[in-house]
Amino acid sequence: MAADPKQQATDERLAALTLPEGGGWLGAARKDALGRLQAVRLPGRRDEYWRYTNPTPLVQTAPALDVPDQVEDPFAGLDTLVVTIDGDDISVPDTVPDGLEIGTLRNAAGADIHWAKDVYGRREAAGSRPVSRPLAMLNSAFATNGLVIRATGQVTQPIHIRTTGGTDPILHHVVKVESGASVTLLESGVAGARSNIVTEIEVADTGTFHHIRVDGPVRARHVNTHLFARLGTESTFKSFTLSAHGALTRNEAVIELTGDDAVSHIAGAAFGQGDFHHDDTVFVTHDAENCESRQVYKKVLRDGAVGVFQGKILVKEGAQKTDGYQISQSLLLDDDSVFLAKPELEIYADDVACSHGSTTGAIDETALFYLRSRGVPERDATNLLVLSFLAEAVEEIEDEGLRAHVSERLADWLSRD
Amino acid sequence: MLEIRNLHVKLEEEDKQILRGVDLTVEAGKVHAIMGPNGSGKSTLSYVLSGRDGYEVTDGTATLGGEDILAMEPEERAAAGLFLAFQYPVEIPGVGNMTFLRTAVNAQRKARGQEEVSAGDFLKLIREKAKALKIDADMLKRPVNVGFSGGEKKRNEILQMAMLEPKMCILDETDSGLDVDAMKLVAEGVNALRDEGRGFLVITHYQRLLNHIRPDVVHIMSEGRIVQTGGPELALEVEENGYGNILEGAA
Ligand SMILES: Nc1ncnc2c1ncn2[C@@H]1O[C@H](COP(=O)(O)OP(=O)(O)OP(=O)(O)O)[C@@H](O)[C@H]1O
Ligand SMILES: [Mg+2]
């Protein structure tokens with residue numbers, strides 16, 4: 001009998017990895033994750049959840065690409081607390097703002113008792129029900145480092161995780177926002193030819209977490225990220241991702257609204273051409289009353305690029321007064337590009353307002369002609385229309401300064417294409 | 001300035017002839033008006049001159065200052081000095097009016113080998129021109145034409161024209177949808193641009209606009225041809241008697 005390809009791929013990958021040393025709470029969490037992974041195995045082409053995206057480049061033992069060059073810092077010029085990551089080497093600044101604790105996973109592993117113990121692997125495990133997320137399990141088992149961040153007060157200076165190097169890193173961040181606290185996390189830089197990054201976020205009652213991730217214009221890059229968040233009563237979670245190019249991106253966001261009156265907004269703007277495959281996979285669970293969730297995803301695809309959106313809103317029994325909104329849209333700049341969308345609503349409460357929509361469109365020829373008739377060259381006119389299309393997702397960034405900054409980078413990168 | 005010779009145009013997708021031999025010359029410094037029944041081809045003429053897709057020139061020529069404009073891309077025609085104020089200005093969500101205008105002005109300057117205008121100079125200029133057209137700061141900031149009233153859209157077209165300072169201005173029913181005061185504003189905007197070096201082609205259905213923008217020549221278009229050409233009195237005749245007599249005379 002031929003070997004099961006999923007089993008084989010999983011065995012090969014596991015054989016190529018070593019479980020980082022150390023016992024303690026982290027060692028136990030790693031073993032737990034490894035056990036869960038072995039039970040479900042790494043994703044294969046036939047898996048329903050990977051129907052539109054071939055997981056092979058993320059699963060295979062070594063990255064298929066060379067390490068790309070770094071790109072400029074999209075947050076340059078802003079007052080941020082920069083934490084640099086080079087491979088799994090992390091430098092945390094000596095002084096941090098009041099109300100903030102920040103350290104590395106490696107250091108946290110050595111502590112007998114650590115708050116991260118209650119988050120690490122826990123949110124990920126919860127997020128693997130009902131759909132398993134084996135690449136995140138792999139991450140929980142084998143992550144070599146990551147950040148542990150805890151906000152206990154209103155932290156106004158954003159934390160900027162700036163990745164400056166790496167080849168095939170597996171990083172795992174853990175964030176806890178305590179009751180009444182708030183923090184903003186920025187991410188940028190190229191984390192290698194391939195990266196597997198998991199971020200688990202626990203937002204306690206009335207806490208606020210903002211997240212902006214910018215993947216700059218690098219073409220040869222395989223990215224796999226997972227955000228797992230649990231939201232307490234009256235808490236707020238807002239996450240935005242800009243992806244400029246990248247051969248393969250699979251960004252998963254798994255959000256659980258477990259406290260009443262919580263708010264979760266996630267958004268993404270992506271553009272790419274040719275060898276570009278961009279997949280946003282989102283799972284939002286409403287498990288409390290009067291919560292609001294919103295997902296806004298926009299992709300611009302050119303020259304045979306592929307965009308994927310899988311978005312599910314699950315409203316559990318008793319999650320009354322849920323306000324759920326989801327939109328995924330693509331702008332196809334030619335006939336060769338495709339957008340594959342699978343929006344899903346599953347509702348077990350009767351007093352809810354949920355809407356979702358997905359559209360695929362071409363450039364508005366009338367608008368294009370109008371711009372050109374005023375002297376704007378075709379390419380620039382197209383870029384203006386692309387920008388206006390993506391603007392709706394970028395608008396989801398709440399902070400005006402950060403929003404303007406990201407918009408400017410976006411315009412600049414588009415004009416250089 | 002603008003010379004159109006024997007222009008024949010059909011739809012690209014269908015076998016439908018729309019312009020059937022248009023001959024028209026607009027000299028620098030002159031205002032020509034075109035009137036004509038609905039569907040006679042006036043807008044088509046303006047689109048073909050400015051380079052919109054979907055039309056096929058089957059015969060004839062059009063030159064601007066001696067240059068063959070039909071061979072040019074729309075943006076090249078604009079840089080060469082052609083401007084069309086649209087009958088139906090287009091809404092562009094997400095693109096700020098001001099950003100749009102600055103991009104356009106600078107793109108044209110770049111195409112002509114001139115330096116870009118600085119942000120400061122641009123702002124000063126646009127404020128001044130917008131004020132004359134009673135376009136407030138809010139309208140400048142809003143996305144292009146989005147949520148503008150019909151009249152505001154038309155005034156916005158004239159603002160663009162004033163900023164771009166084209167050599168040849170084509171106005172397609174800029175008066176339709178305007179109230180009496182707005183019509184005066186628009187006419188003043190146009191008259192302020194009248195000079196020796198600039199030509200105008202004003203498409204309209206009503207004599208009223210021509211009271212404010214005095215034309216030198218009036219043409220009547222019917223079924224894709226200019227069927228009669230005369231002085232301002234021709235517009236008065238249309239106003240009074242409609243097209244009946246003229247079209248019969250032409251037939
Ligand atoms: N893209 C198109 N597809 C189909 N028919 C078209 C198209 N463009 C123009 N036509 C037809 O060509 C004819 C001329 O239209 P055009 O818009 O040029 O007329 P007009 O003189 O500007 O009319 P109005 O005074 O009503 O604005 C009409 O019969 C119109 O239906
Ligand atoms: Mg018309």
Side-chain angles (χ1 to χ4, degrees), chain A residues 240 242 267 269-271 296-300 327 329-331 333-335 357 359 361-397 400 403-404 406-412 414-416, chain B residues 46-55 69 72-97 99-112 114 142-146 153 156-157 159-161 163-166 169-170 172:
Chain A
F240 169 84
L242 169 64
F271 71 92
V296 179
Y297 285 90
K298 299 252 189 176
K299 297 182 206 287
V300 178
I327 182 87
Q329 295 183 304
S330 73
L331 178 61
L333 297 184
D334 50 65
D335 294 339
T359 65
I363 209 98
D364 178 347
E365 290 295 335
T366 309
L368 187 67
F369 171 63
Y370 190 66
L371 290 167
R372 294 178 71 190
S373 78
R374 298 310 184 234
V376 184
E378 186 173 12
R379 182 74 208 202
D380 298 347
T382 305
N383 282 346
L384 266 178
L385 295 176
V386 163
L387 272 178
S388 83
F389 172 77
L390 293 175
E392 217 176 286
V394 179
E395 287 296 316
E396 294 290 307
I397 299 174
E400 206 176 313
R403 193 195 316 136
V406 170
S407 299
E408 225 171 274
R409 283 284 73 72
L410 174 58
D412 183 35
L414 267 176
S415 71
R416 279 195 249 156
Chain B
S46 71
Y47 286 143
V48 169
L49 291 174
S50 48
R52 189 176 190 147
D53 279 346
Y55 303 102
I69 51 169
M72 297 180 192
E73 296 294 334
E75 55 268 34
E76 293 169 332
R77 300 179 196 206
L82 188 77
F83 180 90
L84 167 64
F86 282 54
Q87 181 172 1
Y88 305 107
V90 180
E91 298 189 4
I92 310 181
V95 178
N97 213 6
T99 311
F100 159 59
L101 258 172
R102 206 170 71 202
T103 308
V105 167
N106 282 332
Q108 291 203 12
R109 294 184 69 92
K110 198 171 152 197
R112 294 191 207 113
Q114 299 164 322
R142 269 154 56 187
V144 181
N145 292 326
V146 176
K153 283 180 183 168
N156 202 29
E157 294 290 290
L159 174 66
Q160 293 170 29
M161 188 169 88
M163 291 299 292
L164 294 166
E165 300 185 327
C169 309
I170 305 174
D172 190 358

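So that the names make sense, note that chain A is the first sequence line, chain B the second, and so on, each numbered from 1. The figures here come from the full heavy-atom set of this structure, side chains too, leaving out hydrogens, waters and symmetry mates. Just so we're clear, the structure is a prediction, and the values are computed from it rather than from any experiment.
The minimum heavy-atom distance between A/Phe369 and B/Gly51, with the atom names listed, is CE1-C, 3.5 Å. The two residues A/Gly375 and B/Ala107 come nearest to each other via the heavy atoms O-CB, 3.3 Å.
Partner B/Glu75 forms a side-chain contact (heavy atoms from CB on, under 4.5 Å) with one of A/Arg374, A/Glu378, A/Arg379 and no other, that one being A/Glu378.
Within a 6.0 Å radius of CD in A/Glu400, no more than 12 heavy atoms belonging to other residues, nucleotides or ligands are found.
Chain B forms the most heavy-atom pairs under 4.5 Å with one residue out of A/Leu387, A/Leu385, A/Leu371, and that residue is A/Leu371. Counting heavy-atom pairs closer than 4.5 Å to chain A, the top residue among B/Ser50, B/Ala78, B/Pro74 is B/Pro74. When A/Arg372, A/Glu395, A/Glu365 are compared by the number of non-hydrogen pairs under 4.5 Å with chain B, A/Arg372 comes out ahead. Contacts with chain B were tallied for A/Ala391, A/Pro377, A/Ala381; A/Pro377 has the most, counting heavy-atom pairs under 4.5 Å. With respect to chain A, the highest number of heavy-atom pairs below 4.5 Å among B/Ala104, B/Pro143, B/Pro166 belongs to B/Ala104. Your options are B/Arg77, B/Gln108, B/Arg52, B/Lys110, and the one with the most heavy-atom pairs under 4.5 Å with chain A is B/Arg52.
Within the 4.5 angstrom heavy-atom criterion, only side-chain atoms of B/Val144, from C-beta onward, approach chain A.
Rounding to the nearest 0.5 Å places CD of B/Gln160 at 8.0 Å from OG of A/Ser373. A distance of 11.0 Å separates CG in B/Asn106 from CG in A/Asp380, rounded to the nearest 0.5 Å.
The aromatic rings of A/Tyr370 and B/Phe100 lie parallel to each other, their planes meeting at an angle below 30°, with 60° marking the opposite boundary.
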